[in-house]
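Just so you know, these numbers use all the heavy atoms, side chains as well, and skip hydrogens, waters and symmetry mates. Computed from a predicted structure; not experimentally measured.
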Amino acid sequence: MNLVTTIIFITAALSIILAIVSFWLPQMSPDYEKLSPYECGFDPLGSARLPFSLRFFLVAILFLLFDLEIALLLPLPWGDQLSSPLLTFLWASTVLVLLTLGLIYEWLQGGLEWAE
C-alpha cells in the first residue's frame, strides 16, 4: 500500500508541476501572425472564389489513405492469437502490396510532384 501511495503522489505532483509550468512557459505576447486564422495557405479575408490547385486534395487523400492503412494494420500483432494466423497475415500482406502498388503508380504518373 505504501508503494502505491508513493506512486500516486509522485504522478500527481509531477502532473501539477507540469500544468503550472505550461502556463508560465509559453510566450505571453503573441504577434499578429499567430492570432490570424490559417487554412491551406490561402488568405482567409480574401475572396472565396479564387481558383486553387487540386494537389492539396491529392496530398490530403493520400495522407488519409495511408493513415487508414495504419489503422487497419494496428490489430495485426494480435493476429497470431487466432486459429488461422496465416490467413490474417495473408490479408495484411495483400493490403500492403495493394497500397504499395498504388503509391508506385502515383509516383510514376507524377501525382506526387508538387512543382511542375
Side-chain angles (χ1 to χ4, degrees):
M1 185 70 173
N2 193 12
L3 179 64
V4 174
T5 308
T6 306
I7 290 174
I8 291 174
F9 177 73
I10 290 174
T11 55
L14 186 62
S15 299
I16 291 170
I17 290 171
L18 289 176
I20 291 171
V21 167
S22 71
F23 285 111
W24 288 326
L25 194 60
Q27 181 181 4
M28 292 301 183
S29 58
D31 57 353
Y32 175 75
E33 295 294 324
K34 288 186 181 180
L35 293 176
S36 67
Y38 179 80
E39 293 186 25
C40 300
F42 300 112
D43 183 20
L45 302 176
S47 173
R49 306 279 183 213
L50 294 175
F52 56 93
S53 174
L54 290 178
R55 295 197 187 270
F56 285 116
F57 291 113
L58 177 65
V59 170
I61 289 172
L62 285 174
F63 174 76
L64 288 175
L65 181 67
F66 285 103
D67 195 35
L68 179 65
E69 171 217 353
I70 293 171
L72 288 174
L73 295 177
L74 188 62
L76 188 60
W78 291 281
D80 62 350
Q81 308 278 327
L82 297 174
S83 59
S84 60
L86 189 60
L87 184 63
T88 304
F89 292 125
L90 178 69
W91 281 109
S93 299
T94 304
V95 168
L96 283 175
V97 166
L98 185 64
L99 286 173
T100 304
L101 289 175
L103 180 64
I104 291 171
Y105 176 76
E106 283 291 327
W107 197 331
L108 292 177
Q109 293 295 319
L112 300 177
E113 296 294 327
W114 191 259
E116 310 239 355

- Quick one: pull up CG in Asp67 and CG in Leu62 and give me the separation to the nearest 0.5 Å. 12.0 Å
Considering only distance and modelled atom types, tabulate donor-acceptor pairs under 3.5 Å from the side chains of residues 85-95, sequence neighbours left out.
{"from": "Ser93", "atom 1": "OG", "to": "Phe89", "atom 2": "O", "distance (Å)": "2.8"}
{"from": "Thr94", "atom 1": "OG1", "to": "Leu90", "atom 2": "O", "distance (Å)": "2.7"}

- Message: Among residues at least two apart in sequence or on other chains, which ones pass side-chain contact (heavy atoms from CB on, under 4.5 Å) with Leu96?
- Response: Glu69, Leu73
- Report whether Ile61 and Leu99 are members of the same hydrophobic cluster (ILVMFWY, side-chain heavy atoms less than 4.5 Å apart, transitive linking). no
- Item | Partner of Ile7 by side chain to side chain contact (heavy atoms under 4.5 Å, CB included), out of Ile10, Val4, Leu3 | Leu3
- Just one of Val97, Leu103, Leu98 clears the side chain to side chain contact (heavy atoms under 4.5 Å, CB included) bar with Leu101, so which one? Val97
